[in-house]
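Working notes, structure below.
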Amino acid sequence: MFDAKFVRNNIEAIEQMTARRGEPFSLDGFVQLDEENSHLRTRLEEIQHKINVVSKKIGQLKRENKESSLLQEEMKDVSAEIKELKKKKVEVEASIQEILLRIPNFPHASVPEGKGEEDNPEVKRWGRPPEFDFPPQAHWDIGEKLDILDFKRGAKLAGARFTLYKGLGARLERALINFMLDVHTREKGYQEILPPFMVNRATMTGTGQLPKFEEDLFRVFKDENEDFFLIPTAEVPVTNIYSQEILEPGRLPVYFTAYTPCFRREAGSYGKDTRGLIRQHQFNKVELVKLVEPENSYQELERLLGDAEDILKRLDLHYRVVTLCTGDIGFAASKTYDIEVWLPGQNAYREISSCSNFEDFQARRASIRYRPVSGAKPEFVHTLNGSGLAVGRTLVAILENYQLKDGSVAIPEVLRPYMNGLERIESESSTRAV
RNA sequence: GGAGAGAUGGCCGAGUCGGCUGAAGGCGCUCGCCUGCUAAGCGAGUGUAGGGUGUAAAGCUCUACCGAGGGUUCGAAUCCCUCUCUCUCCGCCA
């Protein structure tokens, strides 16, 4: 979020920016409200000043046991007027705030122009697609035949876009979570966090999901005064850990990693990815979050991307990296890289991680600041996050890339210690487990 | 769920029957002085946000903020109401 002063001085630049993002946003309403607010403030401060001065005077008279009722009478009207003005100002400010919260972030200068997904340039490619001497199957077929994924019963229990993992399927998911967390915490210096899976409205606003994207979230009612939102990503609770706080010198950078389930309404994606694990209302993800000093944030973004890529490299999964163009980049992000893993069953690259630098956009909303040196003025941190990785989609990638002719699936070397040394998932081994 | 206690500046902590308290005092921190190092000592300073003035920095000045919101009043950290959070005890519970 930008502060009102910045918006006031950059009306045109912001409107142009929103157009480049493909969602033109007029600030006429803001300009009008901002002017009104300025008048109200001036008037309010004048009156308040008068009240303060006269009240002091009355106090003085009282202490000296002198008459003051005349002044008091006079102030009654003034006092009434200020009440009205204050009320008006609160309304105007709320309207301004509402607008400010809906202005998206500026894409970084290095972000390419584009209208949508198809304009995202490829940055790099790693590895190569596996070759099969048989037609590779989709993960839903593999998973059902091995009886490790049960889509029917998932749907029975909860509905479409919910899946039941069974036996070695559940085990493989858990192995992936542990493997990812171990790499990030032991080798990359991230601190492990297990956050609340539901958060309040303020937290959702801090990272930018609210107010604009409420329809994408699951809402949980506690009572008529309070409700929660299921987190759509660990980014939300983890980035907000230091909201409303000032980090003292030496505390940055902060690196967090967190496993959480993620909950998404997927409103507006009817008919998309209806089969399989790709698009679920609930899925697991290991997230990486960084709070850093502004001057390092782009360097940190590259490293964050590298940390996410490293998981795929160790799993020996072929992938490519694209930069999201102005038309495809998220609301809060300045720059985003998507990592897309190769899925032979779909003959396509699919997003498995999204790594973004938000610069100070989220930090402003959540008020996350740091003191560069002792005694210095607090500054906003830069926040970054990336999936490291989306666990369900990683499992999909393993099933499709490691599938064998006989319908079994090899287990990547690095995961075997997490699978009791198991090298392959075959139908017998899974039935035994259930 | 029931009963009680509390929430003040970076920290600790005082605020009397509402007025001279943006807030005593202490600690910490910063700068300066002093002492052959260190420690101690002395002096000054030390919140955040917004507005006005200023070419800008500094400065000056105004407004708001003593958990949050509302009320009473000429005037509220101080009185009243609601809420949130923390702590103690009882009950219940994975």
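Here the structure is a predicted model, which means the values were calculated and not measured. Order of the sequence lines fixes the chain letters, A, B, ..., with proteins taken first and strands second; residue numbering starts at 1 for each chain.
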Q: Compute the ring centroids of A:H382 and A:F361, then answer whether they are less than 6.0 Å apart.
A: no
Q. When you compare B:A24 with B:G15, how far apart are their C1' atoms, in angstrom units rounded to a whole number?
A. 8 Å
**Q.** For B:G59, the Watson-Crick or wobble partner whose two distances fall under 3.5 Å
**A.** B:U53
Q: Go ahead and name the base partner of B:C83; Watson-Crick or wobble counts if both distances stay under 3.5 Å, otherwise write none.
A: B:G67
Q: Starting at atom CD1 of A:I246, determine the distance to atom C1' of B:U46, rounded to an integer number of angstrom.
A: 14 Å
Q: Among A:L217, A:V236, A:L101, find the one that has a side chain to side chain contact (heavy atoms under 4.5 Å, CB included) with A:L210.
A: A:L217
Q) For the base of B:G52, is there a side-chain donor-acceptor partner from A:E45 under 3.5 Å away? A) no
Q: Taking only Lys NZ, Arg NE, NH1 and NH2, and the carboxylate oxygens of Asp or Glu, determine whether A:D273 and A:R350 approach each other closer than 4.0 Å.
A: yes
Q) Is the shortest side-chain N/O distance from A:K56 to OP1 or OP2 of B:G19 below 4.0 Å? A) no
**Q.** Pair assignment for B:A23, Watson-Crick or G-U wobble, requiring both distances under 3.5 Å
**A.** none
Q: If B:A44 has a Watson-Crick or G-U wobble mate with both distances under 3.5 Å, name it; if not, just say none.
A: B:U30
Q: Could you check A:K5 against A:Q48 and say which one's nearest nucleotide on RNA chain B is further toward the 5' end?
A: A:K5
Q | Qualifying residue, where the test is side chain to side chain contact (heavy atoms under 4.5 Å, CB included) with A:R43 and the options are A:E46, A:E45, A:R41, A:H39 | A | A:E46
Q) Does B:C62 have OP1 or OP2 sitting under 4.0 Å from an N or O in the side chain of A:H49? A) no
(Q) From CG of A:D227 over to C1' of B:U84, roughly how many Å is that when rounded to an integer? (A) 15 Å
**Q.** Value in whole Å for how far the P atom of B:A76 lies from CD1 of A:I58
**A.** 12 Å
**Q.** Base partner of B:U73, which must satisfy Watson-Crick or wobble distances under 3.5 Å
**A.** none
**Q.** Gap between atoms CG and P, on A:N52 and B:U73 respectively (whole Å)
**A.** 18 Å
N/O to N/O distances under 3.5 Å, protein versus nucleotides 67-72 of chain B:
unit_1, atom_1, unit_2, atom_2, d
B:U72, OP2, A:K83, NZ, 2.8

(Q) Base, sugar-phosphate or nothing for A:L71? Non-hydrogen atoms, less than 4.0 Å. (A) nothing
Q: Return the value, rounded to whole Å, for the distance between atom CG of A:N37 and atom P of B:G52.
A: 12 Å
Q: Salt-bridge test for A:R279 and A:E266: reply yes if a basic N is under 4.0 Å from a carboxylate O, no otherwise.
A: yes
Q. Counting only Watson-Crick or G-U wobble pairs whose two distances fall under 3.5 Å, which nucleotide matches B:C17?
A. none
Q) Who does B:C89 pair with, Watson-Crick or G-U, both distances under 3.5 Å? A) B:G2
Q: Assign A:K62 to base, sugar-phosphate, or nothing according to its heavy-atom contacts below 4.0 angstrom with the strands shown.
A: base
Q) So, A:D34 and A:R8, do they make that salt bridge, N to O below 4.0 Å? A) yes
Q.
In whole Å, measure the gap between the C1' atoms of B:A68 and B:A7 for me.
A. 11 Å
Q: Taking the six-membered ring for Trp and the full ring for Phe, Tyr or His, determine whether the centres of A:F106 and A:F2 are under 6.0 Å apart.
A: yes
Q) Between A:E98 and A:R102, is the closest basic N to carboxylate O distance under 4.0 Å? A) yes
Q. Taking atom P in both B:U16 and B:U82, what distance in whole Å separates the two?
A. 23 Å
Q | Toward the 5' end of RNA chain B, by each residue's nearest nucleotide, A:L44 or A:S79 | A | A:L44
